[in-house]
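Structure record follows, encoded as structure tokens.
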Amino acid sequence: MAEPVITVENLGKRYRLAHAPRADTLRDTLAQGARGLLRGWTGRGASSTEDFWALRDVSFSVNRGEVVGIIGRNGAGKSTLLKILSRITEPTAGRVTLRGRVASLLEVGTGFHPELTGRENVFLNGAILGMTRAEVRQKFDEIVAFAEVEQFIDTPVKRYSSGMYVRLAFAVAAHLEPEILIVDEVLAVGDAQFQRKCLGKMQEVSSGHGRTILFVSHNLEAIEHLCTHAIHFEHGRLVGMGTPTAMMTEYVRHSLCHSVANAGRALCDGIQLDKLNFNPNPVAACDPLDFELTLLATTATSILDLHLFFNNQFGHRVAIVDLRAESGPYAFSSDQRVTFTGKIAKLALVAGNYSIGFSLRTSRDHQPFFDLFQLTIGAQTSRSALTPYAAQYQGTTLLDYHFTAHITPTV
């Protein structure tokens, strides 16, 4: 049996957070300044401290040639893990074993010297990876062409835009033949065309060259398309490791727990969210979707406008449901509830991950609310005599249309 190229055992990372006393008045501010000077003299301070574990008891292994996606909400510990694997920071507990050269692309600005030119940084990174100058020179033209920075290759990288910087950094990391490639969400800085180019390159180096890739992304479609395995993190702990589909389902379930936690949330003046649910979740594209929304009035008011809206992963609104269309406006007194239930007969949205919120206007207030519920739409499953393989088309919605065809007769 092949030995894993990455082994993580009981890994933990602790940060110590300092909490300074709150300064409410000018007198408090001056007193805090004096205490700061005193701490400089005595080495002692009055601020309280708190231990925060960004990672705790994390163990897993990755084999050669695997592409592993790491998913989880912001603050789950994903980037901390990659920094430890890239040897940027040291773990507090546990150990990591890496068998092979590691190239990482984490934050914009990591890995390049700002005063050196793009050309000099390419050769510097090659030397760090243990490559000879001849080996780097052999790859140089391919790197520059991929990054599309030919005109600026002899310019100090401190003058690069963030997009140019990331293009060159990824090109270096992907072409200098590391055994292990670590990529964080930094690719989101690039434009859509370059992101597609990067995903294609990662697929090429993993399948064609047997290299191992760790990939952090909030783009679950990219995780599902590119990765052979996925790891799910929540609150610094590893929740599970398995197929991308299984881990995405688990991630959605945890996101639903977050959505349930929104129950009781104060909305507009006098309105409180009591319940918001969509069923099923995940749902297949073009399938029906049931929904239920309950609002509680904490004071007498009227709902004048209410629209559910669907936002895609980029935050763009792609669909709305007008809940006022039947019989609004709705007037109710304090401690009354209003429940909206309905069915979207055909969910004509492409496969992906969506956040659901709503726009609410009452007689007292008008506010939009975002990210109240997470919904995952999978590939369509509907089939017909004309499209027996329709379920294979992920990211495509089935559109209703009519057409006529005219065939020119042969002479």
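Since the model is a prediction, treat every value here as computed from it, not as a measurement.
- By the 4.5 Å heavy-atom criterion applied to side chains, H175 and K201 are counted as neighbours.
- Partners of D141 according to the salt bridge (charged side-chain N to carboxylate O under 4.0 Å, His left out) rule, which considers only residues two or more places apart in sequence or in another chain, do not exist here.
- Partners of R119 by side-chain contact (heavy atoms from CB on, under 4.5 Å), not counting sequence neighbours, listed by chain and number: T117, F123, F140, I153, D154.
- Put simply, the side chain of L349 reaches to within 4.5 Å of the side chain of Y354, judged on heavy atoms.
- A heavy-atom distance below 4.5 Å is found between the side chains of N281 and F373.
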Q) After noting the C-alpha distance and the side-chain angles of T294 and T339, does the key distance pass the side chain to side chain donor-acceptor pair (under 3.5 Å) rule? A) CA-CA 4 Å; T294 300; T339 297; 3.0 Å; yes

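- Under 4.0 Å is where a charged nitrogen must lie from a carboxylate oxygen, and between K197 and E148 at least one such pair does.
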Q: Applying side-chain contact (heavy atoms from CB on, under 4.5 Å), run through L214 and V62 and close with a yes or a no.
A: CA-CA 9 Å; L214 292 186; V62 179; 4.2 Å; yes

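- Closest approach of C227 to G69, counting heavy atoms only: SG-N, 3.4 Å.
- For the side-chain contact (heavy atoms from CB on, under 4.5 Å) test, residues two or more places apart in sequence or in another chain that qualify with S355 are N311, D371, Q374.
- Taking the side chain as every heavy atom from C-beta outward, I180 and R211 never approach each other to under 4.5 Å.
- Not a single side chain to side chain donor-acceptor pair (under 3.5 Å) links S217 to another residue, sequence neighbours left out.
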Q. Given the rule in the side-chain contact (heavy atoms from CB on, under 4.5 Å) test, do I271 and L296 qualify, once you have shown the distances and angles that lead to the verdict?
A. CA-CA 6 Å; I271 297 290; L296 169 66; over 6 Å; no

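- Between the NE2 atom of H113 and the CD atom of E120 there is a distance of 10.0 Å, given to the nearest 0.5 Å.
- Pairing each heavy atom of F233 with each of L55, the nearest pair is CE2-CD2, 4.0 Å.
- The aromatic ring centres of F358 and F309 sit 6.0 Å or more apart.
- Side chains of F215 and I223 form a contact here, defined as non-hydrogen atoms less than 4.5 Å apart.
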**Q.** Step-by-step side-chain contact (heavy atoms from CB on, under 4.5 Å) determination, V172 to N121
**A.** CA-CA 9 Å; V172 169; N121 271 294; over 6 Å; no

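- Annotation: the span from S59 atom OG to L11 atom CG amounts to 8.0 Å, rounded to 0.5 Å.
- Remark: E150 pairs with no residue by the side chain to side chain donor-acceptor pair (under 3.5 Å) rule, at least two apart or across chains.
- Not counting sequence neighbours, H229 has no partner by the ring-ring contact (aromatic ring centres under 6.0 Å, His included) test.
- When atom types are taken as modelled, the side chain of T212 and the backbone of G65 share a donor-acceptor pair closer than 3.5 angstrom.
- Contact check for L168 versus F146: no side-chain heavy atoms found under the 4.5 Å cut-off.
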Q) Stepwise, does the side-chain contact (heavy atoms from CB on, under 4.5 Å) test hold for F291 with I356? A) CA-CA 11 Å; F291 66 86; I356 297 176; over 6 Å; no

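- The pair E292-K275 meets the salt-bridge criterion, with a side-chain N (NZ, NE, NH1 or NH2) lying under 4.0 Å from an Asp/Glu carboxylate O.
- In terms of the salt bridge (charged side-chain N to carboxylate O under 4.0 Å, His left out) criterion, R137 has no residue partners (sequence neighbours excluded).
- L295 contributes atom CG, which lies 6.5 Å from atom CG of L306 (distance to the nearest 0.5 angstrom).
- Evaluation of the salt bridge (charged side-chain N to carboxylate O under 4.0 Å, His left out) rule for R237 yields D57 as partners, not counting sequence neighbours.
- Scanning for side-chain contact (heavy atoms from CB on, under 4.5 Å) contacts around T155 gives F152, R159, Y160, with sequence neighbours left out.
- The closest side-chain heavy-atom distance from R361 to I303 is not below 4.5 Å.
- With K78 contributing its side chain and I71 its backbone, the two residues share no donor-acceptor pair below 3.5 Å.
- Between L360 atom CG and L308 atom CG the span is 10.5 Å, to the nearest 0.5 Å.
- Contact record, V102 with L85: CG1-O, 4.4 Å, taken as the closest heavy-atom pair.
- Looking at S61, its side chain never comes within 3.5 Å of a backbone N or O of I6 through a donor-acceptor pair.
- Applying the salt bridge (Lys or Arg N to Asp or Glu O under 4.0 Å) test to every pair with at least one member in residues 7-16, sequence neighbours left out, gives these pairs: E9-R95, R16-D51.
- Here the closest heavy-atom approach between residue E115 and residue P156 is recorded as O-CB, 3.9 Å.
- Atom NZ of K83 sits about 13.0 Å away from atom CD1 of I182, to the nearest 0.5 Å.
- P280 is linked by a side-chain contact (heavy atoms from CB on, under 4.5 Å) to V283, L289, counting only residues two or more places apart in sequence or in another chain.
- The nearest pair of heavy atoms linking P244 to A230 is CA-CB, 3.8 Å.
- The line from CD1 of I213 to CD of E179 is 13.0 Å long, rounded to the nearest 0.5 Å.
- Dense packing is recorded around CZ of R101, with more than 12 heavy atoms of other residues, nucleotides or ligands lying under 6.0 Å away.
- For the salt bridge (charged side-chain N to carboxylate O under 4.0 Å, His left out) test, no residue two or more places apart in sequence or in another chain qualifies with E135.
- Shown here for A171 and I143, the closest heavy-atom pair between the two residues is CB-O, 3.5 Å.
- In this structure the side chain of V216 reaches within 4.5 angstrom of the side chain of L82, judged on heavy atoms.
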